[in-house]
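All residue numbers refer to positions in the sequence shown, counting from 1.
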Amino acid sequence: MAAQLIDGKAIAQEVRAEVKREVADWVAEGHDAPGLATVLVGDDPASALYVGNKQKASAEVGIQGFDHRLPQDAPHDEVEGILRDLATDPRVSGILLQLPTPPQVDGAVLAAQIPPGKDVDGLTPLSAGLLAQGRRGLRPCTPSGIMELLRRHDVPIQGAEAVVVGRSDLVGRPVSALLLAANATVTVCHSKTRDLGEVCRRADILVAAVGRPGLVKGEWIKPGATVIDVGSPKGDVEFEAAAERAGLITPVPGGVGPMTIAMLLRNTLLAARAAAEEPVGAGWS
Ligand code: NAP
């Protein structure tokens, strides 16, 4: 294997340790600890596990947890009421509505009403718009985790050819916007891209976020390129063959995956700092 591995697990631990130190400094300056509110409707075990992991990780770095759990038959209005209260609660820096919600609760509508200053997932249309326009805002966690992996390895981004395979709201689109904001020349590929291999061969930085194991062939990797494989639980990149050509590559698991919660913690701290400058709850309509 020629490529150096990008150890996302170790980098995520570094980020978490930094957030912990910065939270302690923030509190020592006389501020309340940042607060992360999670809202889970129903009893889906996977969702309960995700929410539990986020609250546990928050507690480990000194972030206060506000863990709201509602029954499977909770009405839409009740969930909306809780989210409204959280939007104006000064102890709450960030709000997460765990999706999907049961059918009587319109999760997409409710999530879109989270004020951008508390949107620590960075996925509401408002946050996406701020990112698209390069304006200040909270960025989605997995894409900002990818940028952190690149930065910690000093990967040159300015002027680089970046190819992103996938254009989802969750990963592909926002990571493309972040790469563009960092002055890469960005090409976004999707299921209708005519010759995916030819486009990938140009990439100094290749991000694969598709969900189709082995879609990206090793022979498509430009020698020395940086390869970020977001595919989960199996990678989108032919790892062994790609690692023969790449300069840097993320493993799956242990690459991008661990970064998501680390960046959520950082977003919660950033939200608390921003809220100290701006009115709490601004943006709730
Ligand atoms: P998604 O919403 O299903 O989007 C997949 C994208 O891939 C779409 O834009 C689709 O194109 C494109 N695509 C599908 N087939 C293609 C093909 N043959 N050639 C080129 N592009 C193709 O998926 P997602 O939510 O972005 O997730 C992508 C992967 O990342 C999944 O494996 C997911 O589990 C993983 N993921 C990991 C993390 C993490 O590690 N923390 C976080 C989020 C997601 P169209 O737009 O044309 O349909």
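With sequence neighbours excluded, the residues satisfying side-chain contact (heavy atoms from CB on, under 4.5 Å) with Asp169 are Arg173. Remark: Lys9 pairs with Asp7, Pro258 by the side-chain contact (heavy atoms from CB on, under 4.5 Å) rule, at least two apart or across chains. Taking the side-chain contact (heavy atoms from CB on, under 4.5 Å) definition, one finds that Ser93 meets it with Pro34, Thr268, Ala271, Ala272, sequence neighbours left out. For Thr124, the side-chain hydrogen bond (donor to acceptor under 3.5 Å, both in side chains) partners at least two apart in sequence or on another chain are Asp119, Ser127. Applying the side-chain contact (heavy atoms from CB on, under 4.5 Å) criterion to Gln72, with sequence neighbours excluded, gives Asp43, Pro102. Shown here are the salt bridge (charged side-chain N to carboxylate O under 4.0 Å, His left out) partners of Asp67, two or more places apart in sequence or in another chain: Arg69.
With a 4.5 Å cut-off on side-chain heavy atoms, Glu78 and Val41 do not count as touching. Residues Lys54 and Ile261 are in side-chain contact: their nearest non-hydrogen atoms beyond the backbone lie under 4.5 Å apart. Looking at Pro143 and Leu131, their side chains never come closer than 4.5 Å, going by heavy atoms from C-beta outward. Side chains of Asp85 and Val92 form no contact here, defined as non-hydrogen atoms less than 4.5 Å apart. In this structure, Thr101 and Leu99 have side chains that are in contact, with non-hydrogen atoms separated by less than 4.5 Å.
Residue pairs meeting the salt bridge (charged side-chain N to carboxylate O under 4.0 Å, His left out) criterion with at least one member in residues 129-139, sequence neighbours excluded, are Arg136-Glu277, Arg136-Glu278. Residue pairs meeting the side-chain hydrogen bond (donor to acceptor under 3.5 Å, both in side chains) criterion with at least one member in residues 189-213, sequence neighbours excluded, are Thr187-Arg202, Glu198-Arg201, Asp204-Lys222.
For the side chain to side chain contact (heavy atoms under 4.5 Å, CB included) test with Cys141, the passing option among Leu123, Leu265, Leu264 is Leu264; the others fail. Applying side-chain hydrogen bond (donor to acceptor under 3.5 Å, both in side chains) to Thr38 and the options Gln98, His68, Gln55 leaves one that passes, Gln55.
Within 6.0 Å of OH in Tyr50 there are 12 or fewer heavy atoms belonging to other residues, nucleotides or ligands.
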Pair up each side-chain donor or acceptor in residues 11-19 with any protein partner under 3.5 Å, not counting sequence neighbours, and list the distances.
| unit_1 | atom_1 | unit_2 | atom_2 | d |
| --- | --- | --- | --- | --- |
| Glu14 | OE1 | Arg152 | NH1 | 3.1 |
| Arg16 | NH2 | Glu60 | OE1 | 3.3 |
| Glu18 | OE1 | Arg152 | NH2 | 2.9 |
| Glu18 | OE2 | Arg152 | NH1 | 2.8 |
| Glu18 | OE2 | Arg152 | NH2 | 3.4 |

Do any side-chain atoms of residues 239-256 form donor-acceptor pairs under 3.5 angstrom with protein atoms, and if so which ones, sequence neighbours left out?
| unit_1 | atom_1 | unit_2 | atom_2 | d |
| --- | --- | --- | --- | --- |
| Glu244 | OE2 | Met1 | N | 3.4 |
| Arg245 | NE | Ile221 | O | 2.7 |
| Arg245 | NH2 | Ile221 | O | 3.1 |
| Thr250 | OG1 | Asp229 | N | 2.8 |

Only pairs under 3.5 Å count here: list side-chain donor-acceptor contacts from residues 21-30, not counting sequence neighbours, and write none if there are none.
| unit_1 | atom_1 | unit_2 | atom_2 | d |
| --- | --- | --- | --- | --- |
| Glu22 | OE1 | Arg273 | NH2 | 2.9 |
| Trp26 | NE1 | Asp32 | O | 3.3 |

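Remark: side-chain polar atoms of Gln104 are paired, donor with acceptor, to backbone N or O of Ala74 under 3.5 angstrom. Using a distance-only test at 3.5 Å, with no hydrogens or angles considered, a donor-acceptor pair links the side chain of Lys118 to the main chain of Leu86.
One hydrophobic cluster holds both Leu97 and Leu70 under the rule that ILVMFWY side chains link at heavy-atom gaps under 4.5 Å. Clustering ILVMFWY residues whenever any of their side-chain heavy atoms sit less than 4.5 angstrom apart, transitively, puts Leu150 in a cluster other than the one holding Val237. Placement of Val164 and Val210 in two distinct hydrophobic clusters is found when ILVMFWY residues are connected by side-chain heavy-atom separations under 4.5 Å, directly or transitively.
Contact between Leu178 and Ser144 at its shortest, heavy atoms only, is CD1-N, 3.8 Å.
Grouped by direct or indirect side-chain proximity (heavy atoms under 4.5 Å, Ile/Leu/Val/Met/Phe/Trp/Tyr only), Val51 sits with Leu40.
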